[in-house]
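Quick notes on the structure that follows.
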Amino acid sequence: MDKLSIGDFDIMPGEQRKIELPVAKLYTDANVSLPVHIIRAKKQGPTIFISAAVHGDELNGIEIIRRLIHENKFKITKGTVIAVPMVNVYGVVNQSRYMPDRRDLNRCFPGSAKGSLAGRVAYIFLNEIVKHCDYGIDLHTGAIHRSNLPQIRADMSDSETKELAEVFGVPVILNSNLVDGSLRESAVKSQTKVLLYEAGEALRFDEFSIRAGMRGILNVLQHLGMTRKISTVKKKKTAPFIANGSQWQRANASGIVHNLVNLGDQITKGQVLAEIGSPYGEVIGYVQASRSGILIGKQNIPLVQEGEAMFHIAYFSENDEEIAEHIETVQEQLLPENDDN
């Protein structure tokens with residue numbers, strides 16, 4: 001195993017280091033750096049990056065990486081883990097999805113060393129981190145005021161990516177095409193297999209999403225032979241369900257929302273998902289499901305404009321009731337009744 005060079009830092013086999021990878025200065029002359037935690041085993045093996053907060057308001061991933069690093073039983077026996085808890089440091093500081101130049105970092109890859117601020121961060125992350133890696137797990141949440149059921153989005157046409165997505169162990173997998181300018185697109189072009197984990201809501205910690213994400217990462221590392229079997233990885237595994245497609249149900253009126261469904265619920269065609277009322281109390285609209293499926297995302301704010309996306313429903317070839325029961329089982333496994341954490 002050779003030394004791993006990231007920026008001006010060299011990390012040797014068997015070494016564990018925290019480094020600050022310089023990005024750019026603020027106009028106050030303060031330096032801004034990407035925090036990077038590298039864990040290398042003495043034995044040769046795969047290299048994987050785990051990234052969070054590409055969108056600066058998506059905080060669950062930061063907590064997942066923090067817990068992973070501080071997990072006493074987490075030991076790498078082969079290969080290298082490169083953990084980056086805050087890719088968009090600027091957004092985290094400002095509690096904003098975007099970079100200071102108002103660009104979405106996840107649409108600026110592969111970036112440029114002489115481009116916009118977002119382009120420069122993308123370039124540094126891609127070339128200093130991703131280029132070293134065989135695999136990657138990119139951690140996301142829903143947008144502001146929107147929650148996502150824990151799910152993996154991946155290119156299921158690639159057999160190895162499909163296998164890793166299934167190993168991750170969340171109930172739902174979405175076959176997701178590559179998006180222009182995204183981290184995942186640029187990583188795949190550099191021959192890095194990437195899973196995108198979506199769970200929870202922006203600017204909030206969600207315990208179920210955090211635990212499901214941490215368990216999923218451990219499942220993948222164990223599958224790649226990078227860790228020994230540890231107690232936090234459940235022995236009993238149920239195959240996830242792969243969605244054939246998904247669709248947002250939109251508001252047919254503007255008003256105040258009364259939600260009637262929760263994430264993970266089985267949805268039937270024609271079912272009323274929410275009532276929309278006027279400020280004077282009368283119901284002025286109903287949001288109904290156009291197809292049967294499972295609710296994997298929803299808007300949380302109780303105010304809506306006509307045409308706004310409210311409920312994200314995934315469609316499966318399998319029995320929806322079976323999927324809903326599986327989701328409930330996973331929730332019970334990760335959030336036992338008497339667990340106060």
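Note that the coordinates shown come from a computational prediction; the quantities given were computed from them, not determined experimentally.
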side-chain contact (heavy atoms from CB on, under 4.5 Å) evaluation trace for V170 with V330: CA-CA 8 Å; V170 291; V330 173; over 6 Å; no

Mind checking the [atom1]-[atom2] spacing from [X] to [Y]? Nearest 0.5 Å is all I need.
X: L149; Y: D206; atom1: CG; atom2: CG; result: 9.5 Å
X: L221; Y: L68; atom1: CG; atom2: CG; result: 7.0 Å
X: N127; Y: I6; atom1: CG; atom2: CD1; result: 12.0 Å
X: L334; Y: M214; atom1: CG; atom2: CE; result: 11.5 Å
X: L34; Y: I129; atom1: CG; atom2: CD1; result: 7.0 Å
X: R146; Y: Q299; atom1: CZ; atom2: CD; result: 6.0 Å

Determine yes or no for a side-chain-to-main-chain donor-acceptor pair under 3.5 angstrom, with [X] supplying the side chain and [Y] the backbone.
X: E128; Y: L21; answer: no
X: S190; Y: K131; answer: no
X: Q288; Y: G270; answer: yes
X: S209; Y: G200; answer: yes
X: S292; Y: K269; answer: yes

Candidate pair Q249 and I313, rule side-chain contact (heavy atoms from CB on, under 4.5 Å), full reasoning: CA-CA 8 Å; Q249 299 294 312; I313 301 174; 3.8 Å; yes

Side chain proximity check, [X] to [Y], heavy atoms < 4.5 angstrom:
X: I65; Y: I217; value: no
X: I267; Y: F311; value: no
X: P35; Y: V89; value: yes
X: I11; Y: T80; value: no
X: Q266; Y: I294; value: yes

Other cluster members, Y286 - Ile/Leu/Val/Met/Phe/Trp/Tyr, side-chain contacts below 4.5 Å: L260, V272, V283

Nonpolar side-chain network containing Y27, other nodes, edges under 4.5 Å: none

Around [X], counting heavy atoms of other residues, nucleotides and ligands shown, do more than 12 lie under 6.0 Å from its [atom1]?
X: R120; atom1: CZ; value: yes
X: Q305; atom1: CD; value: no
X: Y90; atom1: OH; value: yes
X: Q95; atom1: CD; value: no

Distance-only donor-acceptor pairs under 3.5 Å for side chains of residues 108-119, two or more places apart:
{"from": "S112", "atom 1": "OG", "to": "K114", "atom 2": "N", "distance (Å)": "3.2"}
{"from": "S112", "atom 1": "OG", "to": "G115", "atom 2": "N", "distance (Å)": "3.3"}
{"from": "S116", "atom 1": "OG", "to": "G119", "atom 2": "N", "distance (Å)": "3.1"}

Distance-only polar pair, side chains of N106 and S182, donor-acceptor under 3.5 Å: no

Polar contact flag, side-chain donor to acceptor under 3.5 angstrom, D155-T161: no

Heavy-atom closest contact (Y315 atom, G293 atom, distance): CD2-CA, 4.4 Å

Heavy-atom closest pair, residues K162 and I242: CE-CD1, 4.1 Å

Test log, rule side-chain contact (heavy atoms from CB on, under 4.5 Å), inputs I276 and V287: CA-CA 8 Å; I276 301 175; V287 182; 3.8 Å; yes

Chi angles and distances behind the side-chain contact (heavy atoms from CB on, under 4.5 Å) call for M226, T77: CA-CA 5 Å; M226 298 176 67; T77 58; 5.7 Å; no

Qualifying residue, where the test is side chain to side chain donor-acceptor pair (under 3.5 Å) with S147 and the options are N262, N300, T141: N300

Pair listing, ring pair (Phe, Tyr, Trp, His ring centres under 6.0 Å) test, anchored in residues 34-70, at least two apart: F49-F125, H55-H140

Those residues that, when tested against Y197, pass ring-ring contact (aromatic ring centres under 6.0 Å, His included) (two or more places apart): F168

Within residues 54-64 or reaching into it, pairs that qualify as salt bridge (charged side-chain N to carboxylate O under 4.0 Å, His left out) - sequence neighbours excluded: E58-R97, E63-R66, E63-R67

Same cluster (ILVMFWY, side-chain, under 4.5 Å), V54 and M86: yes

